[in-house]
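In what follows, a structure is listed as structure tokens, so that the remarks can point back to it.
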4 protein chains.
Amino acid sequence: MRLQPLANQAFSPFTYNLFHVKHSLPFLCYTFYGHILLMGVFVMSPKVGMEPLRRQQIILAAKDCMLQYGFGHFSIKDVAESATLSTGVIYHYFKNKQDLLVQVLKESFSETEETVREAVEKHTAFEEKFKAYLEAVADVPKQNPDFYLILLNYIAQSPYNEEVQPLITKFFDHLRTFLEEILEEGVEQDILHPETKPVLSHLVMSQAMGLAFQEQLLPLDNVEYLREEFVRLFQKYIE
Amino acid sequence: MRLQPLANQAFSPFTYNLFHVKHSLPFLCYTFYGHILLMGVFVMSPKVGMEPLRRQQIILAAKDCMLQYGFGHFSIKDVAESATLSTGVIYHYFKNKQDLLVQVLKESFSETEETVREAVEKHTAFEEKFKAYLEAVADVPKQNPDFYLILLNYIAQSPYNEEVQPLITKFFDHLRTFLEEILEEGVEQDILHPETKPVLSHLVMSQAMGLAFQEQLLPLDNVEYLREEFVRLFQKYIE
Amino acid sequence: MRLQPLANQAFSPFTYNLFHVKHSLPFLCYTFYGHILLMGVFVMSPKVGMEPLRRQQIILAAKDCMLQYGFGHFSIKDVAESATLSTGVIYHYFKNKQDLLVQVLKESFSETEETVREAVEKHTAFEEKFKAYLEAVADVPKQNPDFYLILLNYIAQSPYNEEVQPLITKFFDHLRTFLEEILEEGVEQDILHPETKPVLSHLVMSQAMGLAFQEQLLPLDNVEYLREEFVRLFQKYIE
Amino acid sequence: MRLQPLANQAFSPFTYNLFHVKHSLPFLCYTFYGHILLMGVFVMSPKVGMEPLRRQQIILAAKDCMLQYGFGHFSIKDVAESATLSTGVIYHYFKNKQDLLVQVLKESFSETEETVREAVEKHTAFEEKFKAYLEAVADVPKQNPDFYLILLNYIAQSPYNEEVQPLITKFFDHLRTFLEEILEEGVEQDILHPETKPVLSHLVMSQAMGLAFQEQLLPLDNVEYLREEFVRLFQKYIE
DNA sequence: TATGAATGAGATTTCATTCAT
DNA sequence: AATGAATGAAATCTCATTCAT
């Protein structure tokens with residue numbers, strides 16, 4: 001008695017559906033005479049706890065599609081294909097396209113924020129923290145190469161998208177507030193003038209963002225050196 | 001007695017109704033005594049020769065739509081409506097949507113480039129030129145409020161659009177090369193180290209772009225002050 | 001005891017209502033004594049697995065439209081209407097208009113080729129095979145009245161259509177090669193001179209095609225007689 | 001005093017229309033002081049007897065377009081461009097697109113008919129006339145390479161075009177009737193059986209047409225030989 | 001949970017024809 | 001007789017979303 005894949009031609013044109021139903025399994029066996037017998041169909045019970053996994057699977061596929069096709073040509077069908085799921089199931093896990101898009105952005109944001117925070121928290125001295133911050137934000141395009149391309153797509157959309165706009169604003173605010181907290185230590189230690197804080201934090205954010213976008217657009221040959229100079233530029237500024 | 005080109009504004013496409021000689025254009029010249037003489041008439045038909053006028057009209061309408069709906073929801077139908085024309089006529093003046101989009105971008109670029117060049121060329125001393133450049137690029141969002149929003153939309157498209165990508169690259173290259181030419185004067189006057197040139201030009205471009213995008217995204221309350229600090233940041237850097 | 005594929009016609013997409021086990025397909029086999037046994041059921045959903053059915057349905061509708069409106073005024077919208085489907089669903093089953101058109105042609109070709117081959121294969125003697133071939137190709141317009149009208153439409157397109165051109169060429173080549181294989185028997189039996197083969201096969205193809213097109217164009221009153229004479233013409237030629 | 005081309009910049013944006021009006025001419029001269037003076041505009045009177053010439057010009061351009069783009073992508077704008085005329089003027093000489101298309105076909109037909117008639121009329125004896133006819137119709141694709149491609153386009157259209165259909169029928173009828181007149185001589189000289197006449201004439205027409213179409217479709221390597229055999233086939237038939 | 005078929009609105013593009021002059 | 005701008009209908013194609021099962 002041996003299990004065998006079902007020969008295609010043995011099935012009427014509708015039987016192949018069986019194999020498309022992902023959570024069912026035909027159970028076959030050979031008879032004593034070598035004939036194939038279908039013993040039954042196991043319709044597997046839906047897996048428990050699949051929800052977060054599926055969501056993740058879809059978000060990842062959506063990220064891929066965003067990078068490959070851009071916001072303008074991003075389609076649910078492509079996401080489904082890329083996740084090897086049906087289009088319909090996307091709507092089980094996400095309210096609609098917009099919802100999916102927002103989740104993708106949220107993921108990207110929290111990833112990047114985490115990276116920066118971790119880099120800073122290794123240090124205690126103000127100067128070291130500041131340097132670590134500068135290096136971390138300058139390194140985002142290297143650590144997380146797709147982040148700025150995704151961000152770019154969303155920023156372009158943001159003026160026309162009520163949900164995306166505040167998300168982006170919040171992301172930059174978080175990151176900038178975090179920097180201001182670091183700078184506050186400098187102020188307390190009389191290294192920095194209090195007024196420098198808001199301006200400096202804005203300039204750092206802008207510069208980091210500008211550099212990353214330039215890198216996306218033009219093939220820069222001396223990226224590494226530019227990043228180092230970016231750090232130096234602001235170290236010089238606070239002296 | 002000198003031949004004089006007719007002032008453009010004297011001949012809106014509908015003015016032909018005003019002439020006694022129907023559907024024609026008077027050809028005039030000044031006499032020795034300053035009197036105007038009608039030398040003859042050019043036969044014209046009002047439905048002919050609309051090309052330059054219409055192209056401009058459509059490009060303007062397209063810019064409006066771009067700002068209003070963004071790249072993602074930019075439609076030819078909207079452009080036509082906004083220009084109070086039929087959709088078909090757009091294709092009389094532009095090969096396709098892509099072509100129109102490219103023309104819009106080209107216009108925006110040349111406008112901005114011109115503004116910066118003009119600002120710099122008022123000065124002769126290196127330090128003044130450099131300052132003028134910094135101020136001019138920092139002021140682009142103020143002088144030309146739509147520029148960065150349009151740019152943003154195109155940048156997001158650029159990785160998926162063969163024609164737009166090189167246009168943007170060229171624009172930034174032009175602007176950066178122009179800055180390097182200014183910096184070269186600083187090098188010649190021993191104010192700057194030669195190696196500073198490429199790095200500095202990149203950092204300035206990034207910072208300007210980053211600031212402008214931030215301004216697009218967040219309602220900054222101290223924009224003016226930030227711009228001043230932007231200038232000071234780089235003045236400090238070259239000291 | 002042998003497994004038997006279910007006959008297609010037993011499962012129109014709507015028959016699922018008839019089964020007691022809802023939305024499923026019975027899997028049957030013959031017993032040693034010829035009795036039918038229900039071995040199990042395949043779970044299916046009526047909205048799934050429509051592909052082969054719909055493709056056929058659409059191809060048929062497309063054929064109808066082709067005949068009714070011709071290549072020049074063949075529109076997807078008409079096909080959809082004729083198949084009582086939405087326009088969108090056509091693009092679910094076919095990549096684009098061109099793809100659909102090609103599938104229609106392929107079907108028509110294989111049908112006709114099959115008819116001719118079957119007619120010939122009933123015979124064994126060379127003369128009989130040759131006669132059967134001549135009669136079969138002459139009878140195509142009668143057996144398959146739409147074939148030449150469809151062909152005509154495609155041929156007119158072929159110089160401007162990269163995909164259709166080789167399909168048509170291949171079709172005629174197949175049919176002509178098949179005739180050459182028949183003629184080869186005549187050569188082996190010393191009934192034909194070897195050199196006659198290629199020329200004769202071409203002339204037969206041309207004549208058949210020419211006759212069919214004439215029939216399309218003019219209302220011939222003596223079609224039957226013409227076909228007989230067509231056969232006689234070439235029988236005489238090989239004597 | 002010298003004639004000079006008008007400097008572009010001397011004209012308001014609408015004056016260039018002057019040069020677009022094909023039948024008007026500015027008349028210029030230099031003054032004693034070197035200034036350009038426009039002396040007047042000659043609006044040339046419409047040329048008399050241009051009608052047939054223009055019609056011919058347009059028909060030729062239409063033929064070119066038909067060959068280049070086929071019936072399916074044949075557009076008035078292309079015809080106008082190919083004839084270096086405006087789209088509007090086409091409608092001065094032809095009622096509409098359909099009318100133009102019909103004229104193109106008529107021209108092609110009369111050309112071909114003429115060729116065949118001339119070839120036959122050089123001879124007097126029946127056999128020679130018959131041979132000349134066969135050779136002439138077989139040679140049409142060589143003498144008039146575009147004829148069958150144009151015909152193909154029209155035939156495919158004919159079932160859906162009330163005006164084209166009878167034109168084609170008439171063309172083939174003419175040519176076939178002409179052959180029957182020749183054959184009648186053979187009947188009178190007791191070379192042919194009277195019943196052969198209609199069948200033979202049809203078969204000849206079909207064969208010629210079929211051969212020509214095959215030649216259009218497939219790259220035949222032995223066209224010349226095929227044509228000779230075509231002649232021989234029917235010479236043999238009447239023996 | 002999952003499938004993928006189906007819908008229908010909307011976008012781009014083409015083009016015969018008209019029209020004012 | 002000639003221009004080419006303008007229209008608007010129609011065609012192709014895309015895609016978010018729904019739906020029966």
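Residue numbers start from 1 in every chain, and the chains themselves are labelled A, B, ... in the order their sequence lines are given, proteins ahead of strands. Just so it is clear, the values below take in all heavy atoms, side chains as well, and ignore hydrogens, waters and symmetry mates. Quick caveat: nothing in here was measured; it's all calculated off a predicted structure.
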Please work out if [X] contacts a base, only the sugar-phosphate, or nothing of the nucleic acid, heavy-atom cut-off 4.0 Å.
| X | answer |
| --- | --- |
| B:Ser75 | sugar-phosphate |
| C:Ile90 | nothing |
| D:Phe94 | nothing |

Closer than 4.0 Å, any side-chain N/O of [X] to the OP1 or OP2 of [N]?
| X | N | value |
| --- | --- | --- |
| A:Lys77 | F:dC15 | no |
| B:Ser86 | F:dT7 | yes |
| C:Arg54 | E:dG4 | no |
| D:Tyr91 | E:dT17 | yes |

Integer-rounded Å distance: [N] [atom2] and [X] [atom1]:
| X | N | atom1 | atom2 | answer |
| --- | --- | --- | --- | --- |
| A:Asp99 | F:dA16 | CG | P | 14 Å |
| C:Ile58 | F:dT12 | CD1 | P | 14 Å |
| C:Leu101 | F:dT12 | CG | C1' | 13 Å |
| C:Tyr69 | F:dA10 | OH | P | 13 Å |
| B:Glu81 | E:dG10 | CD | P | 12 Å |
| B:Leu100 | E:dA11 | CG | P | 15 Å |
| A:Leu53 | E:dT1 | CG | P | 12 Å |
| A:Phe74 | F:dT14 | CZ | P | 18 Å |

Between A:Arg54 (side chain) and A:Tyr93 (backbone), is there a donor-acceptor pair under 3.5 Å?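 Checked: no pair found.
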Residue mapping more 5' on DNA chain E - nearest nucleotide basis, C:Leu85 or B:Gln98: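 It is C:Leu85, whose closest nucleotide lies nearer the 5' terminus.
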Closer to the 5' end of DNA chain F via nearest nucleotide, is it B:Val89 or D:Tyr93?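 Nearest nucleotide further toward 5': that of D:Tyr93.
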Using the closest heavy atom to pick a nucleotide of DNA chain F for each, name whichever of A:Ile76 or B:Thr84 lands nearer the 5' end.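 Between the two, 5'-proximity favours B:Thr84.
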Start with the C-alpha distance between A:Tyr154 and A:Phe71, add both sets of side-chain angles, then the distance that settles side-chain contact (heavy atoms from CB on, under 4.5 Å), and finish with yes or no. CA-CA 7 Å; A:Tyr154 280 87; A:Phe71 212 107; 3.8 Å; yes
Base partner of E:dA9, which must satisfy Watson-Crick or wobble distances under 3.5 Å: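 Paired with F:dT14.
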Partner lookup for F:dA20, please. Criteria are Watson-Crick or G-U wobble with both distances under 3.5 angstrom; report none if nothing qualifies.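 E:dT3 is the nucleotide pairing with F:dA20.
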Non-hydrogen atoms of A:Asp99 and A:Phe94 that approach each other most closely: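 Smallest interatomic distance, heavy atoms only, reads OD2-CA, 3.5 Å.
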Less than 3.5 Å apart, any donor N or O on the side chain of C:Ser158 or C:Asn161 sitting next to an acceptor on the other?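 Side chains of C:Ser158 and C:Asn161: no pair found under 3.5 Å.
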Are side-chain N/O atoms of D:Gln157 and C:Asn153 paired as donor and acceptor at under 3.5 Å?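 No, C:Asn153 and D:Gln157 have no side-chain donor paired with an acceptor closer than 3.5 Å.
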Starting from the C-alpha separation in whole Å, work towards a yes-or-no answer on side-chain hydrogen bond (donor to acceptor under 3.5 Å, both in side chains) for B:Gln68 and B:Asp64. CA-CA 6 Å; B:Gln68 198 178 343; B:Asp64 279 356; over 6 Å; no
Tell me which nucleotide among [options] gets nearest to the side chain of [X].
| X | options | result |
| --- | --- | --- |
| C:Asn96 | F:dC13, F:dA2, E:dT13 | F:dC13 |
| C:His92 | F:dT17, E:dG4, E:dT13 | E:dG4 |
| A:Lys97 | E:dA5, F:dA16, E:dT13 | F:dA16 |

